[in-house]
Amino acid sequence: KVVYKDDVCNVLIGDDLIAEIASYE
Amino acid sequence: NVVNEILNYVIVGEYKGQTYNELAKFVDKFGARPSGTEVLEQSIDYMIQLTRDENINDITTEELTVPHWTRGEETLTMLEPRVKNMALLGLGRSVTTPPEGITAEIVVVNSFAELDKYSDSDIEGKIVLYDPIFTTYGETVQYRSQGAAKAAAKGAVASLLRSITPFSINSPHAGSQYYEENVPKIPAAAITLEDADLLRRIYSRGEKIVLNLKMFSTDNSRISRNTLVDYKGTEKPEKLVIVSGHIDSWDVGQGAMDDGGGLFISWAVPVILNRLNLKPRRTIRSIFWTAEELGLIGAKAYEEKHRSEADNINFIMESDEGTFAPLGLAVAGNAETRCIIKEILKLFKSINATTLVEDDSPGSDIAVIIQTGVPGASLHNDNSMYFWFHHTEGDTMNVEDEHELDLGAAFWTAAAYVIADISKDIPR
C-alpha cells in the first residue's frame with residue numbers, strides 16, 4: 001500500500017530535505 | 001543530475017546489457033549453487049575476481065558454517081488405484097526413506113485445521129498430503145516449512161505438499177522445511193499441482209490411494225562465506241548503506257532468478273558508481289549472502305558478528321523477489337523514513353519506479369537485520385510470474401530480460417547512491 005501524502009511528508013521531513021533530494025534528479 | 005546520469009549510463013549508455021551478460025556468464029558457468037557445495041565456493045571466488053577486475057579491491061569474506069544437504073535419488077509412485085509415476089522434489093534437509101521406500105495410504109488435507117480434525121489413529125502410518133491452493137507465498141508457505149513436523153506429530157510416516165506456486169507445467173518446487181524437537185523426522189517432499197489435484201479428486205471420491213515414496217539424501221556441514229564489497233564513503237565512511245542478494249541457490253535450475261538477478265544488480269552498484277566516479281558521503285556495502293535457501297544462515301551469521309556495529313547501518317536493501325521491471329521499494333521504517341524514501345522514489349518517474357509499498361518485514365535475508373530496528377527495503381518489481389519459476393528447474397536465464405535487468409541495476413544503483421549521499425541519516 002502507498003502511504004503518507006505529500007503534505008504529511010512535508011511536515012515530517014521539511015522543505016529543505018525535499019529540495020535537497022529533488023536536486024539529485 | 002546524478003540520477004539521470006546513472007539511468008542513462010546503464011539503460012542506454014555504455015553499461016547497457018552488461019548486467020544480463022554478466023549474470024548469464026555466471027549462471028552458465030556455475031549452474032545451481034547449493035549451500036555447502038564446492039561449486040558455491042568457486043562461484044564466490046569468481047565474484048571476488050570479477051569485482052577486482054573492476055578495480056574495486058575493498059573486499060572481505062566472512063566464514064561461517066552452513067548446511068550441506070545433498071539430494072539423491074527420489075521417486076514417487078502411486079500404486080493404487082492405478083500405477084502412476086509422479087514428479088517430486090524433496091524439501092530441504094528432509095530425512096531419507098528406507099531403501100525400499102515408504103508404502104502407505106494417503107490422507108489429503110488442505111490446512112492444519114483440517115489435519116487437526118483427524119484423530120491421531122487416522123493419521124498414524126499414513127502419508128499426509130497438504131494441498132492448499134496458492135493465495136500468497138506468505139500464507140501458503142507454512143505448509144512447506146511446518147507440514148512435515150505437524151504431520152509427524154500425529155503419527156504420519158511421510159509428508160507431501162502441493163507445490164507453493166500459482167501455476168505449473170507439472171513442475172515440482174523445492175524449498176526449505178524445518179523439523180521440531182521431540183517430533184520424529186519424516187521424509188518431506190513437494191509434488192506438482194497436477195498430481196496433487198489428481199490425488200485430491202480421487203481421495204474426494206472415497207477411493208483408497210496407496211503411494212510408494214523413495215527419497216535419499218546426505219546431510220552434513222561445510223564452511224562457506226559471506227562476501228562484503230565496500231565502496232567507501234567520503235564523509236561518513238563508517239556509515240553503511242547495504243545492497244544485497246544471495247549467491248547460493250537451490251539445487252535445481254540455474255538460480256538465475258533466485259537470486260542471480262538480485263546478486264548481480266547489487267554487485268553492479270559499486271561497479272557502476274566506480275565507473276562513473278560517483279562517491280557518496282556514506283559507504284555502500286554490497287553483500288552476497290551465502291546459504292539463504294536453507295534458512296537465512298549467512299544473514300544470521302552477519303547480524304551476530306556485526307551486532308555491535310548495527311547503529312552504523314543507515315539503510316539496508318535486498319533484491320530477492322525477482323529482478324523484473326522495477327516499480328519502487330517495499331520499505332520498513334518509521335513515518336519519517338518512509339517519507340524520505342518516497343521523496344527519493346520521485347526521482348524515478350522516467351522509469352515508472354516511484355511506488356512505495358509499506359512492508360514491516362521486506363526481503364528475506366535482510367529481515368533478520370530489519371527486525372533489530374534497522375530501516376530497509378526490498379526491490380518492488382513487476383514479479384507476478386516469480387513463483388511460477390521459484391525453486392524449480394525452470395529458474396534459468398530464460399526468465400531474465402536484458403532491458404528489465406538494466407532498469408533494475410540502474411534503479412538500484414541510483415537509489416542506493418542518493419540514500420548514501422543525502423545530508424540526513426535515515427532515522428530509526
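Residue numbering restarts at 1 for every chain, and letters A, B, ... go by the order of the sequence lines.
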(message) Does atom CG (A:Asp7) have a neighbourhood of more than 12 heavy atoms from anything else shown, all under 6.0 Å?
(response) yes
(message) Please classify the contact of B:Asp421 with chain A as side chain, backbone, both or neither, using a heavy-atom distance under 4.5 Å.
(response) both
(request) Check whether A:Ile21 gets within reach of chain B through its side chain, its backbone, both or neither, counting any heavy atom under 4.5 Å. (result) both
(request) Starting from the C-alpha separation in whole Å, work towards a yes-or-no answer on side chain to side chain donor-acceptor pair (under 3.5 Å) for B:Trp267 and B:Thr51. (result) CA-CA 8 Å; B:Trp267 173 78; B:Thr51 310; 3.0 Å; yes
(request) Give a yes or no on whether the backbone of B:Ser286 and the side-chain of B:Ser244 come within a donor-acceptor separation of less than 3.5 Å. (result) no
(message) What part of B:Phe348 gets within 4.5 angstrom of chain A, counting heavy atoms only: side chain, backbone, both, or neither?
(response) neither
(message) Please classify the contact of B:Ser350 with chain A as side chain, backbone, both or neither, using a heavy-atom distance under 4.5 Å.
(response) neither
(request) Taking side-chain hydrogen bond (donor to acceptor under 3.5 Å, both in side chains) as the test, write out the residues that go with A:Glu25, two or more places apart. (result) none
(message) Looking at chain A, which one of B:Val418, B:Ile6, B:Val331, B:Asn4 has the largest number of heavy-atom pairs inside 4.5 Å, strictly under?
(response) B:Asn4
(message) For B:Tyr386, give me all partners under ring pair (Phe, Tyr, Trp, His ring centres under 6.0 Å), at least two apart in sequence or on another chain.
(response) B:His390
